[in-house]
Trainee: 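Encoded as structure tokens, here's the structure I'll be asking about.
Heavy-atom basis, side chains included; hydrogens, waters and symmetry copies ignored.
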Amino acid sequence: MKKLGFGFMRLPTTDPQDRSAVDYEKVKELVDAYMERGFCYFDTAFKYCGGNSEEAIRRALVDRYPRESYVLTTKLSNEFMHTQEEQGETFRRQMEKLGVDYVDYYLLHNQGAVNYKVSQELDSFAFIQSLKEKGYAKHIGMSYHDNAELLDQILTDHPELDVVQLQINYLDWDNESIQSRKCYEVCRKHNKPVLVMEPIKGGTLAKVPEEAEQLMRAVHPDWSPAAWALRFAAGHPGVMAVLSGMNTMEQLQDNMDALDDPQPLTEQELQVVEQAARIIQQSAMIPCTGCRYCTVTCPKNIPIPDYLSLLQEGHSTTQVVYYFNLAQKNGRAGDCIQCGLCESHCPQHLPIRTHLKTVSQRFDGFQGWR
């Protein structure tokens, strides 16, 4: 199976302001071009595109192609649920919307500090295991947004999982808030194949600073910045598919060219993406070095560097998820009492209190899903 996966979270629409207004005819054109090149992996979820993503899969793919010609993944978004019965009813509705008798992969959606508790409460792991035993799902797993320590715990507690979907890209690879590398290494430790999401970080890595793009073009004039990001993600051992949310034919063609027959990046190419990451980080709005001196005397236990990191790389829709998970065991940005102790310890002399207000404005309005 070719590694480029078609993510159905960001689809072309008839109304730019309404993600649920899917342009089904344009989706069909994209699916046809994708299938003609020999790609076959599709990823969706119950709540994508205002609840219309699974129907788009049915209209553009299921109704028009033989079932054995594609690989289909969808997810159980249990963060909104309060009873075990809701899980079965949701799965039934998903199968109706998709128009299939089984899915190749069924994942627990968005697991982390918050939603793992929900999955334990609703016995969700046993539920998806029962679907596999009955033949409704060929493989089971989870998508994950949190730290490596909790991931290791979950995979130890649930060895029945077949696969893990992780946020992996070269900008988040060594980010201590997101821990892409560490989470990937945990999956390798447990011998779990990895599905990659956010390889281009919500589009951030498709349009990089000019200095970074010049570095890339000097090595491969015909590789776009997005192609570099996709190849980085696809080149790691154990990566089964790399998802991209493609909503134009130009994006689709570029991504297919990048992952038609990808090879792992060479040492020289890896050095280029490392330099590009540094350039992007240096162009960020907050020059925090992550020394953590600011946290030593914080009376509210606010993980300041982690929150600042999420703010300045906050082009991805997943940033609020990581923030919300971090806030379960730490103070929120809005808990800051403006004492100024953090600033007195900051070697970079950053206006931390001002930045925390911005973090709070961006993320603290989200109170959870249930």
Trainee: Assess Arg67 against Tyr102: is NZ or CZ under 6.0 Å from the centre of the six-membered ring, and within 45 degrees of the ring's axis?
Mentor: yes

Trainee: Between the side chains of Lys182 and Glu176, is the shortest nitrogen-to-carboxylate-oxygen separation below 4.0 Å, so that they form an ion pair?
Mentor: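 Salt bridge present between Glu176 and Lys182.
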
Trainee: Before accepting this row, confirm whether a basic side-chain N of the pair Asp104/Lys138 lies closer than 4.0 Å to the acidic partner's carboxylate O.
Mentor: no

Trainee: Give the intermediate values and the outcome of ring pair (Phe, Tyr, Trp, His ring centres under 6.0 Å) for residues Phe363 and Tyr307.
Mentor: CA-CA 10 Å; Phe363 297 131; Tyr307 289 170; 8.1 Å; no

Trainee: With clusters defined by side-chain heavy atoms of hydrophobic residues (ILVMFWY) lying less than 4.5 Å apart, directly or transitively, does Met142 cluster with Val118?
Mentor: yes

Trainee: Linking I/L/V/M/F/W/Y whenever any side-chain heavy atoms sit under 4.5 Å apart, do Ile352 and Leu341 land together?
Mentor: no

Trainee: Going hydrophobic residue to hydrophobic residue with side-chain gaps under 4.5 angstrom, can you get from Ile337 over to Leu356?
Mentor: no

Trainee: Hey, could you give me each pair passing salt bridge (charged side-chain N to carboxylate O under 4.0 Å, His left out) that has a residue in residues 232-256? Not counting sequence neighbours.
Mentor: none

Trainee: Does the ring pair (Phe, Tyr, Trp, His ring centres under 6.0 Å) test come out yes or no for Phe366 and Tyr323, once each step is laid out?
Mentor: CA-CA 10 Å; Phe366 180 71; Tyr323 176 83; 9.2 Å; no

Trainee: Looking only at heavy atoms, which two atoms of Gln111 and Asn78 are closest? And how far apart?
Mentor: NE2-OD1, 3.8 Å

Trainee: Can a donor-acceptor pair be found between the side chains of Gln214 and Glu210 at a distance below 3.5 Å?
Mentor: yes

Trainee: Membership question, hydrophobic clusters at under 4.5 Å side-chain separation (ILVMFWY): are Trp223 and Leu205 in the same one?
Mentor: yes

Trainee: Below 4.0 angstrom, N of the basic side chain to O of the carboxylate: do Arg92 and Glu89 qualify?
Mentor: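 Salt bridge present between Arg92 and Glu89.
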
Trainee: Here's one to test your reading of the geometry: is the NZ or CZ of Lys97 within 45 degrees of the ring axis of Phe46 and under 6.0 Å from its centre?
Mentor: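 Pair Lys97/Phe46 counts as cation-pi.
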
Trainee: With a 6.0 Å cut-off on ring centres, are Phe80 and His109 close enough?
Mentor: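 They do not qualify: ring centres at least 6.0 Å apart.
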
Trainee: Classify the angle between the aromatic ring planes of Tyr41 and Tyr105 as parallel (below 30°), tilted (30 to 60°) or perpendicular (above 60°).
Mentor: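 Taking Tyr105 first and then Tyr41, their aromatic rings sit tilted (interplane angle of 30° to 60°).
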
Trainee: Should Glu55 and Arg58 count as an ion pair when the cut-off is N to O under 4.0 Å?
Mentor: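 Between Arg58 and Glu55 there is a salt bridge, with a charged N closer than 4.0 Å to a carboxylate O.
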
Trainee: Is the Tyr170 to Trp228 ring centre distance short of 6.0 Å?
Mentor: no

Trainee: Determine the minimum heavy-atom distance between Leu252 and Leu30, stating which atoms define it.
Mentor: CD2-O, 3.3 Å

